[in-house]
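What follows is one structure encoded as structure tokens, with my remarks underneath.
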Amino acid sequence: MSGTDHATQPDWAGPQPVVVLVDPQMGENIGFAARAMWNFGLEHMRLVNPRDGWPNERATATASGAARVLDKLGVHNTTADALGDLNYVFATTARSRDLSKPVMTPERAMAHARALTAEGKKVGILFGPERAGLENAAIAQANAIISVPVNPGFASLNLAQCVLLVAYEWRRQTGEDIAEVMELAGTEFATGIEVEKLFEHFVDRLETAGFFYPDHKAESMKLNLRNLFSRMPMTQADIQTFHGMLRQFVRWKERGE
């Protein structure tokens with residue numbers, strides 16, 4: 001979903017890694033990568049030897065709301081120039097058997113990146129060109145490798161997808177996001193007394209219907225019903241709905257239908 005590029009800094013922004021695109025081939029992919037970055041609060045991009053030069057109208061068109069990323073990016077002739085002021089660099093690639101380096105999942109890598117930036121270190125993440133990925137000459141300049149655990153039978157990721165995965169893991173490392181929330185849609189959770197009143201209403205209607213039979217099992221049946229209610233995190237809207245249903249049952253009987 002596209003959005004407006006706001007000038008204000010997000011509350012969760014702070015020290016963050018630099019995304020370095022090495023030999024990017026298409027302006028559209030630069031724009032999509034910028035959009036993926038800004039989705040998760042990353043805004044520092046550098047380009048190394050972009051094939052179609054810079055600036056690029058197609059990159060601007062596809063960035064769609066992430067113009068701030070493109071407005072402040074730097075363009076470099078070589079990978080070494082782009083990494084010159086960084087203290088630690090990750091290279092995103094399939095595992096290279098020709099180089100001895102730590103190989104991390106995106107989750108582990110971004111946890112490490114968080115720790116490094118917290119220490120005041122500057123971190124970079126290298127992404128290779130769309131068709132072939134990073135060459136060993138670029139990977140050799142990195143301190144560690146990020147390898148995405150994809151389906152080995154179909155391991156191809158486009159540039160923006162790869163940037164999105166890493167940016168998501170960076171954002172997730174903040175620890176500020178709650179894993180699950182309950183959307184109450186304008187209502188509130190029911191109080192204990194509201195649930196108790198509903199239970200009494202149910203019991204009254206079920207007794208009228210002759211549900212609690214035989215008599216010697218009535219108390220255990222009511223106990224089970226109460227236990228069922230205690231396991232249901234009902235809202236006030238739920239309570240009102242159930243009361244309305246029970247009242248309608250009475251009206252239906254009184255009409256003799």
*Among the clusters formed by ILVMFWY side chains lying less than 4.5 Å apart, do V75 and F127 turn up in the same one?*
yes
*Indicate yes or no: does R108 engage E169 in a salt bridge with an N to O separation below 4.0 Å.*
no
Contacts under 3.5 angstrom, residues 209-219 side chains, donor-acceptor by atom type, not counting sequence neighbours:
none

*asked:* Taking atom CD as the centre, does E28 end up with more than 12 heavy-atom neighbours from other residues, nucleotides or ligands that are less than 6.0 angstrom away?
replied: yes
*How close do I146 and A109 get, heavy atom to heavy atom, and via which atoms?*
CG1-CB, 3.5 Å
_For R35 against S64, the heavy-atom pair lying closest together_ = NH1-CB, 3.8 Å
*First locate atom CD of E194, then atom CD of Q236, and finally report the distance between them rounded to the nearest 0.5 Å.*
4.5 Å
*Hey, does W170 have a side-chain heavy atom less than 4.5 Å from the side chain of I125?*
no
*Atom of L126, atom of A142 and distance for their closest heavy-atom approach*: CD1-CB, 4.5 Å
*Would you say L246 and L198 make side-chain contact, with heavy atoms under 4.5 Å?*
yes
*Stepwise side-chain contact (heavy atoms from CB on, under 4.5 Å) test for M110 and M104*: CA-CA 9 Å; M110 291 303 96; M104 306 180 188; over 6 Å; no
*For F189, ring pair (Phe, Tyr, Trp, His ring centres under 6.0 Å) partners two or more places apart*: none
*Is there a donor-acceptor pair closer than 3.5 Å between any side-chain N or O of E43 and the backbone N or O of M37?*
no
*Side chains of W54 and I30 in contact at under 4.5 Å (non-hydrogen atoms)*: yes
*What distance do T93 atom OG1 and L99 atom CG have between them, rounded to the nearest 0.5 Å?*
9.5 Å
*What heavy-atom pair brings V195 and I239 nearest, and what distance separates the two atoms?*
CA-CD1, 4.1 Å
*Under a 4.5 Å cut-off applied to non-hydrogen side-chain atoms, are S147 and P106 in contact?*
no
_As an exercise, state the distance from NE2 of H44 to NZ of K72, rounded to the nearest 0.5 Å._
5.0 Å
*asked:* In the structure I gave you, are the side-chain heavy atoms of D238 and M232 within less than 4.5 Å of one another anywhere?
replied: no
*Hey, what do you get for OG1 (T187) to CE (M234), rounding to the nearest 0.5 Å?*
12.0 Å
*T235 versus E188: any side-chain heavy-atom pair under 4.5 Å?*
no
_K101/I139 under side-chain contact (heavy atoms from CB on, under 4.5 Å): CA gap, chis, key distance, verdict_ = CA-CA 9 Å; K101 292 184 184 294; I139 299 171; 4.3 Å; yes
_Looking at every heavy atom in both L70 and A34, which two are closest together, and how far apart are they?_
CD2-CB, 3.7 Å
*Please confirm whether the backbone N or O of A59 pairs with a side-chain atom of N56, one donor and one acceptor, at under 3.5 Å?*
yes
*Distance, nearest 0.5 Å, that separates OG of S220 from CG of L225*: 11.5 Å
*Carefully, step by step, assess K222 and V203 under the rule side-chain contact (heavy atoms from CB on, under 4.5 Å).*
CA-CA 7 Å; K222 292 176 185 178; V203 168; 3.9 Å; yes
_For L157, the rest of its hydrophobic cluster, which grows through side-chain links under 4.5 angstrom_ = V148, V150, L165
*Give the cluster check for V19 versus M26: same hydrophobic cluster or not, with ILVMFWY residues linked at side-chain heavy-atom distances below 4.5 Å.*
no
*Can a donor-acceptor pair be found between the side chains of T60 and E57 at a distance below 3.5 Å?*
no
*Should the heavy atoms of other residues, nucleotides or ligands under 6.0 Å from CZ of R58 be counted, would the total exceed 12?*
no
*Salt-bridged, D81 to R46, with N to O below 4.0 Å?*
no
_Side chain E207, main chain D204, donor-acceptor under 3.5 Å_ = no
*Would Y88 and H112 satisfy ring pair (Phe, Tyr, Trp, His ring centres under 6.0 Å), going step by step from the backbone distance to the final call?*
CA-CA 10 Å; Y88 196 97; H112 190 38; 5.1 Å; yes
*Quick one: do R205 and E200 make a salt bridge, cutoff under 4.0 Å?*
no
_Would the distance check show the side chain of N87 and the main-chain N or O of K122 forming a donor-acceptor pair, the cut-off being under 3.5 Å?_
yes
*Transitive ILVMFWY side-chain link I145 to V48, under 4.5 Å*: yes
*So with a 6.0 Å cut-off around CG of N151, is the heavy-atom count from everything else above 12?*
yes
*Heavy-atom pair of closest approach, residues E107 and Q173*: O-NE2, 3.4 Å
*Report yes if some heavy atom in the side chain of V123 is under 4.5 Å from a heavy atom in the side chain of V89; otherwise report no.*
no
*Could you please spell out the steps behind the side-chain contact (heavy atoms from CB on, under 4.5 Å) verdict for F90 and N143?*
CA-CA 6 Å; F90 297 93; N143 302 96; over 6 Å; no
*At what distance, to the nearest 0.5 angstrom, does NE2 of H201 lie from NE2 of H243?*
7.0 Å
*State, yes or no, whether a side-chain contact exists between L73 and L21 at a heavy-atom distance under 4.5 Å.*
no
